[in-house]
Amino acid sequence: MPELPEVETIARGVDARTRGDRIVEAWFSGHSEPFKTPPRQQAAGLEGRIIFHVHRTGKHLVCELGPASRLVDSSSIERDAAHEAQRPDAQWIVHLGMTGRLLVTTPDQPVAKHTHARLLLASGREIRFVDPRRFGRLEFRDLLGCAGFRGAGQEPLTVGAAAFAALFRGRRLAIKAALLNQTLLTGVGNIYADESLFRAGIRPRRQAGRLTKTELERLRLELINVLKHAIQLGGSSVSDYVDANGVRGFFQLEHFVYMRTGEACLRCGTPIKRILVAGRGTHYCPKCQR
DNA sequence: CATTTCACCTGGTGGC
DNA sequence: TGCCACCAGGTGAAAT
């Protein structure tokens, strides 16, 4: 479900509704797949902590957490604690996989099937992680002696022309496969790979290392455009994606090729083709993309 | 090493 | 109504 624009939308929604709140209680389902950190360890780390803020890196949601301010009688210790509280000392890292949702609800809302985590907050709200296919992952990371989370790949919204081109130099795999490789770029998935390649006029099967400098720069700019536009529209809701408030996105209405097999190309009228690249359904216009 | 394939899951859709 | 094949926003391990 979620690629960079969807995860960004969710991060903004969760941040707006939970920033500064305190996690009172954490509950986890019995399924083991979604837990990179054992549920007990996650619960122990999460309970009592304050949510400083929530943001996205790549396709990951990161909740920056800090200690609840302790009641102390010494003013200097209190100052130190307040100072320390500026810096997060732990993170809750959420990957939504294919079908994951992170919702902010009230406890009276019915609990959806496949709910795997519930964080009850001091405000009375609740963060819920729902994931039917269980491809998502939840991790708790203590930042004492451990670096904060960051993906291996470059962020597509901020990577420069030279660094972008360097990612693909000498590579023999299809450009579409390269775009999906999260150790090169982080955050691009099947929808935005297809859409950016269409907008740049490049066939998905072209060898990454054989694209010209001009083509690569066009691809980088179109990728940035499509991601930014999608964020503005709250992401793409192809089947069931919703943001933190349960609201669908609108970018699916702007798709040129994704899931439009056999339909007329919106630029030239040629039927959109579907092929397999890197094992993924890949959509393109045989006339507009060379 | 770079690249490709496949397993991991549930659920929706469309054909018969 | 049921059964079956196939498809789906991702990724990491195993095979090539």
Side-chain angles (χ1 to χ4, degrees), chain A residues 1-11 29-36 56-61 93-103 112-116 129-139 149 151-153 156 166-197 204-210 223 226-227 230-231 233-244 247-255 257-262 272-283:
Chain A
M1 162 187 77
E3 302 179 33
L4 187 152
E6 291 76 33
V7 179
E8 178 69 30
T9 302
I10 295 169
S29 75
H31 283 108
S32 61
E33 291 96 332
F35 307 123
K36 247 178 132 167
R56 172 199 66 79
T57 114
K59 294 178 190 171
H60 292 262
L61 285 145
I93 301 154
V94 178
H95 192 288
L96 298 168
M98 204 93 126
T99 54
R101 298 179 175 196
L102 200 66
L103 298 163
K113 198 174 171 185
H114 307 298
T115 297
H116 294 112
F129 173 68
V130 182
D131 183 13
R133 288 174 78 177
R134 283 180 264 142
F135 288 172
R137 293 292 179 265
L138 302 178
E139 175 185 355
F149 176 84
L167 294 175
F168 306 105
R169 201 160 296 146
R171 297 193 180 271
R172 313 171 81 93
L173 80 174
I175 183 61
K176 157 107 181 211
L179 286 173
L180 294 176
N181 182 339
Q182 301 295 298
T183 63
L184 299 177
L185 277 177
T186 183
V188 180
N190 212 29
I191 296 175
Y192 301 100
D194 281 5
E195 290 298 321
S196 60
L197 286 169
R205 282 232 176 96
R206 292 274 304 282
Q207 268 191 26
R210 293 214 172 156
L223 180 58
V226 79
L227 293 172
I231 291 170
L233 295 188
S236 299
S237 288
V238 171
S239 64
D240 61 358
Y241 158 76
V242 291
D243 69 12
V247 176
R248 288 166 62 84
F250 291 94
F251 194 71
Q252 66 280 8
L253 303 174
E254 307 288 319
H255 292 174
V257 290
Y258 183 75
M259 291 292 250
R260 295 194 63 245
T261 311
I272 299 301
K273 273 198 168 187
R274 179 184 183 276
I275 57 175
L276 275 187
V277 178
R280 314 295 303 279
T282 296
H283 317 78

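In what follows, chains carry the letters A, B, and so on, assigned in the order in which the sequence lines appear, proteins first and then strands, with residues in each chain numbered from 1.
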At under 4.0 Å, does any side-chain N or O of A:His114 touch on OP1 or OP2 of B:dG11?
yes

Looking at A:Gln182 and A:Leu180, would you say the former's side chain and the latter's main chain have a donor-acceptor pair under 3.5 Å?
yes

Would you kindly give the CE-to-P distance between A:Met259 and B:dG12, to the nearest whole Å?
14 Å

Less than 5.5 Å between centroids and less than 30° between ring planes, does A:Phe135 satisfy that with C:dT11?
no

Base, sugar-phosphate, or nothing for A:Ser237, non-hydrogen atoms under 4.0 angstrom?
base

Which of B:dG11, C:dT11, B:dT3 is nearest the side chain of A:His95? It is C:dT11

Quick one: stems involving DNA chain B, counted as three or more successive Watson-Crick or G-U pairs, both distances short of 3.5 Å.
B:2-8 with C:10-16, B:10-16 with C:2-8

How close or far is atom C1' of C:dC7 from atom CZ of A:Arg274, stated in whole angstroms?
7 Å

In whole angstroms, the gap separating C1' of B:dT13 from CG of A:Asp240 amounts to 14 Å

A:Lys176 has an atom NZ; how far is it from atom C1' of B:dT3, in whole Å?
16 Å

Starting from C1' on B:dT4, measure out to CG on A:Leu180 and report it in whole angstrom.
13 Å

Out of C:dG10, C:dA8, B:dT3, whichever nucleotide has its closest atom nearest the side chain of A:Glu3:
C:dG10

Any side-chain N or O of A:Arg172 below 4.0 angstrom from OP1/OP2 of B:dT3?
no

So, OP1 or OP2 of C:dT11: does either fall under 4.0 Å of a side-chain N or O from A:Gln182?
yes

Would you mind telling me which of C:dT11, B:dG11, B:dC9 lies closest to the side-chain atoms of A:Pro132?
B:dG11

Closest to the side chain of A:Asn190, out of C:dG10, C:dT11, B:dG11, is C:dG10

Using modelled atom types only, decide if a donor and an acceptor are shared between the side chain of A:Asp194 and the backbone of A:Tyr258 within a distance under 3.5 Å.
no

What do you reckon, is CZ of A:Arg172 surrounded by more than 12 foreign heavy atoms closer than 6.0 Å?
no

Report yes if at least one side-chain N or O of A:Arg134 is closer than 4.0 Å to OP1 or OP2 of B:dT10; otherwise report no.
yes

Separation of B:dA2 atom P from A:Phe168 atom CZ, nearest Å, is 15 Å

Rounded to the Å, how far apart are A:Leu185 CG and C:dT11 C1'?
16 Å

In terms of the angle between their ring planes, are A:His116 and A:His114 parallel, tilted or perpendicular, with boundaries placed at 30° and 60°?
tilted

At 4.0 Å (heavy atoms only), tell me whether A:Tyr192 reaches a base, stays on the sugar-phosphate, or touches nothing.
nothing

Choosing from B:dG11, C:dT11, B:dC9, which nucleotide comes nearest the side chain of A:Arg280?
C:dT11

Which of parallel (below 30°), tilted (30 to 60°) and perpendicular (above 60°) describes A:His60 and A:Phe149?
tilted

Examine distances only and state if a side-chain atom of A:Arg274 and a backbone atom of A:Arg260 form a donor-acceptor pair shorter than 3.5 Å.
no

Main-chain N/O of A:Arg133 paired to A:Thr99 side chain as donor or acceptor, under 3.5 Å:
yes

Rounded to whole Å, please give me the gap between CG in A:Leu173 and C1' in B:dC1.
13 Å

Think A:Lys113 has a side-chain N or O under 4.0 angstrom from the OP1 or OP2 of B:dT10?
no

For A:Gly279, which contact category applies under a 4.0 Å heavy-atom criterion: base, sugar-phosphate, or nothing?
nothing

Passing option when A:Tyr192 is tested against A:His255, A:Glu6, A:Glu3 for side-chain hydrogen bond (donor to acceptor under 3.5 Å, both in side chains)
A:Glu6

